[in-house]
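None of these values were measured; they are calculated from a predicted model. Residue numbers count from 1 along this sequence.
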Amino acid sequence: MTETPHASAIVTGAGSGIGRAIARALLVAGFGVTLAGRRSGPLAEAAAINGIPHTDALIVETDVTDQTQVERLFARHVERFGRLDVLVNNAGVFGPNADIGDLAPAGWESTLAVNLTGAMLCAGAAFRQMKAQSPAGGRIINNGSISAQTPRPRSVAYTTTKHAIAGLTKSIELDGRAHRITATQLDIGNARTELIDRLVSDGALQADGSRRPEPTMDAGHVADLVVQLAGMPLEVSVPQLTVTAAGMPFIGRG
């Protein structure tokens with residue numbers, strides 16, 4: 001049996017993209033990490049450093065829209081690591097490419113289920129654990145995306161759910177004060193992942209209807225930032241943080 005790490009984290013959507021980079025960076029930094037996602041194969045790959053499974057990694061297949069599965073995820077994490085110090089609420093989908101006139105209810109509901117209800121269920125389970133453990137406290141990091149501030153064209157479902165993350169984060173921060181629970185809305189722009197590569201490879205749709213290539217950045221830089229956040233004492237609160245690829249059309253977008 002391995003020694004329990006000094007701190008532990010859950011990362012949702014850990015099988016690919018930003019979640020994968022964050023999970024690996026936390027493992028390298030010495031955290032015990034539970035990697036959550038819908039498929040065990042990509043999670044196992046994410047939990048391996050240089051092809052070797054990390055001894056402080058736990059893999060739990062989880063659909064974040066299912067409350068029973070979410071509760072099982074947190075129970076298994078605490079059973080393995082004893083407590084929960086950090087939740088990285090990262091699981092999400094881009095949703096339909098549609099404006100409000102074209103958006104079908106089914107596409108809206110499926111995006112809402114993952115990006116908002118899933119985030120709420122995981123944050124709620126983390127909040128209860130962090131409040132009950134001794135010593136109490138922890139940090140919840142919600143992936144907001146820069147679409148929480150400024151939308152891309154034809155992204156109404158995604159943009160609306162990400163704007164809602166701002167309210168979720170502020171409410172967690174406020175209600176968590178008495179329990180040493182802090183919350184951060186981390187808004188990320190154009191970190192290189194398969195999703196962003198597909199979005200910008202042929203030129204991303206701009207507000208004027210044109211398509212233009214956009215700068216991207218290594219997702220590892222985002223992961224390093226999360227490790228810094230995760231390692232801060234709970235006396236420090238970072239309510240909102242924005243990190244983008246330099247030069248991308250965000251400041252002055254459109």
Does [X] have any side-chain hydrogen bond (donor to acceptor under 3.5 Å, both in side chains) partners at least two apart in sequence or in another chain, and if so, which?
| X | answer |
| --- | --- |
| Thr160 | none |
| Thr111 | none |
| Thr62 | none |

Indicate yes or no: at least one non-hydrogen side-chain atom of [X] is less than 4.5 angstrom from one of [Y].
| X | Y | value |
| --- | --- | --- |
| Ile181 | Ile140 | yes |
| Leu58 | Leu35 | no |
| Phe250 | Gln149 | yes |

[X]/[Y] ion pair, N-O < 4.0 Å:
| X | Y | answer |
| --- | --- | --- |
| Glu45 | Arg39 | no |
| Arg154 | Asp102 | yes |
| Asp175 | Arg177 | no |

Verify, without hydrogens or angle tests, whether [X] (side chain) and [Y] (backbone) share a donor-acceptor contact under 3.5 angstrom.
| X | Y | value |
| --- | --- | --- |
| Arg139 | Ala183 | no |
| His163 | Thr159 | yes |
| Asn115 | Thr161 | no |
| Asp218 | Gly220 | yes |
| Thr117 | Val114 | no |
| Ser171 | Leu168 | no |

Steps toward side chain to side chain donor-acceptor pair (under 3.5 Å) verdict (Thr12, Asn90): CA-CA 5 Å; Thr12 66; Asn90 171 73; 5.4 Å; no
Trace of the side chain to side chain donor-acceptor pair (under 3.5 Å) decision for Asn190 with Glu214: CA-CA 8 Å; Asn190 283 12; Glu214 293 185 2; 2.9 Å; yes
Atom CD of Gln133: over 12 foreign heavy atoms under 6.0 Å: yes
Evaluation steps, salt bridge (Lys or Arg N to Asp or Glu O under 4.0 Å), between Glu61 and Arg72: CA-CA 10 Å; Glu61 283 191 40; Arg72 179 174 60 89; over 6 Å; no
Phe127 and His179 aromatic ring geometry - parallel, tilted or perpendicular at 30°/60° bounds: perpendicular
Result of checking Ile22, Ile10, Ile18 against Val88 for side-chain contact (heavy atoms from CB on, under 4.5 Å): Ile22
Distance-only side-chain donor-acceptor flag, Ser237 / Glu173, under 3.5 Å: yes
